[in-house]
Every structure is written in C-alpha cells, then in structure tokens.
Amino acid sequence: MPEIRLDSARIERIVSQILRDDARLSPLKANELAALICIRLSTSMPMPTNPYLSGYRIIRSRPPFDGTFTKAVGAKLADVNDAVAWELWDLVYERGHDLPPAVADLPSWQRS
C-alpha cells in the first residue's frame, strides 16, 4: 500500500470539508471532529525505531583545526597550548546533548 504524506493541517482541512459536504455537519462540529481525527491519527503513528539523526551531536568531537578555538581559549587562560585546548574541548563535548529525534525530516533521497 502506498504511503500518503500530508501535514496534519492539510489533513484536518480535508477531513473537515468531507464532514461538511458529505455528512452535512455544521462547520463548527466538522472542525471539532476533524481535529479529533487528526489527533488520533497522529498518536497512532509508530515512532521510528532508529531516529534519523540519532547519535549525532550539535558540535564535533574535536575542536576546529584552524586554531581559532585554541586562540579563544588562550585569550581567556594563560599559557594554553593545543593539548590543553583539546582537553577543554573534550569537556565541552562531554556536556553536549544529542539532537532530538525529530529535528529534521527524512533526507530527500530516503523519501518514497
């Protein structure tokens, strides 16, 4: 069965229009029912077992190689070399957070 991809606002408008036209419901009641249907559809969708950006971090595991991080740290601390800068960057990286599972849509090459 082919997959249909529509945003929830569009689905809600389509369902509301069908309820008004075919079921002859008032616009207010049709909109309420359409919203409930969309909520139920959204909650029934399976969560991905392996989120698309799982395991990625917002920052890299190593500082930039151009020395800007080392210079910035050197401006704040005295007598800083690359080894100290790498240690400090590890502290920053360890405290970083993974990206939330639904930050981005599927890449275009994975869409059907």
Side-chain angles (χ1 to χ4, degrees):
M1 173 176 276
E3 183 177 318
I4 299 173
R5 289 184 165 262
L6 296 172
D7 62 288
S8 61
R10 177 175 269 173
I11 292 172
E12 191 171 331
R13 287 192 303 272
I14 292 169
V15 170
S16 179
Q17 186 68 46
I18 291 170
L19 291 172
R20 283 193 309 270
D21 294 346
D22 297 346
R24 305 224 189 282
L25 291 177
S26 69
L28 180 64
K29 189 65 176 171
N31 290 342
E32 289 174 358
L33 286 174
L36 285 174
I37 290 170
C38 284
I39 290 170
R40 288 185 182 179
L41 286 172
S42 295
T43 57
S44 70
M45 294 182 68
M47 293 299 292
T49 55
N50 187 11
Y52 312 116
L53 298 175
S54 165
Y56 286 92
R57 292 194 159 215
I58 295 174
I59 61 171
R60 296 179 293 208
S61 63
R62 295 288 171 218
F65 292 110
D66 61 2
T68 56
F69 182 72
T70 304
K71 290 176 188 172
V73 171
K76 299 291 180 186
L77 303 172
D79 199 27
V80 173
N81 58 21
D82 281 338
V84 174
W86 281 61
E87 288 179 37
L88 290 173
W89 190 265
D90 282 338
L91 291 173
V92 171
Y93 183 75
E94 287 170 6
R95 285 156 182 79
H97 298 284
D98 291 338
L99 291 172
V103 167
D105 287 337
L106 274 173
S108 59
W109 56 271
Q110 284 187 336
R111 293 183 195 141
S112 50

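The first residue in the sequence is number 1, and the count goes up from there. Any value given below was found using the heavy atoms of this structure, including those in side chains, with hydrogens, waters and symmetry copies removed.
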Asks: Which heavy-atom pair separates D21 from R24 by the least distance, and what is that distance?
Replies: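 That would be O-NH1, 3.3 Å.
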Asks: Just verifying a value: how many Å separate R40 CZ and L36 CG, rounded to the nearest 0.5 Å?
Replies: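 If I round to the nearest 0.5 Å, the distance is 6.5 Å.
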Asks: Minimum heavy-atom separation for S8 to C38, with atom names?
Replies: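 It is O-SG, 3.8 Å.
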Asks: Calculate, to the nearest 0.5 Å, the distance between atoms CD1 and CG belonging to I14 and L19 respectively.
Replies: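 Reported value, rounded in 0.5 Å steps: 12.0 Å.
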Asks: Return the CD1 to CD distance between I37 and E12, rounded to the nearest 0.5 Å.
Replies: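 Between atom CD1 of I37 and atom CD of E12 there are 9.5 Å.
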Asks: When rounded to the nearest 0.5 angstrom, what distance separates CZ in R13 from CG in L6?
Replies: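 It comes to 10.0 Å.
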Asks: Give every residue pair that meets the side-chain hydrogen bond (donor to acceptor under 3.5 Å, both in side chains) criterion with at least one member in residues 63-73, sequence neighbours excluded.
Replies: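 Passing the test, one end in residues 63-73: D66-T68, T70-D82.
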Asks: Suppose we screen for side-chain contact (heavy atoms from CB on, under 4.5 Å). Which residues come up paired with V84, at least two apart in sequence or across chains?
Replies: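 side-chain contact (heavy atoms from CB on, under 4.5 Å) check on V84 returns V80, N81, L88.
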Asks: Group every Ile, Leu, Val, Met, Phe, Trp and Tyr by side-chain heavy-atom contacts under 4.5 Å, then state whether I11 and I39 land in the same group.
Replies: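 I11 does not cluster with I39.
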Asks: State yes or no: do L28 and V15 share one hydrophobic cluster built from I, L, V, M, F, W and Y residues joined by side-chain heavy-atom distances below 4.5 Å, directly or via other members?
Replies: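 The answer is no; the residues belong to distinct hydrophobic clusters.
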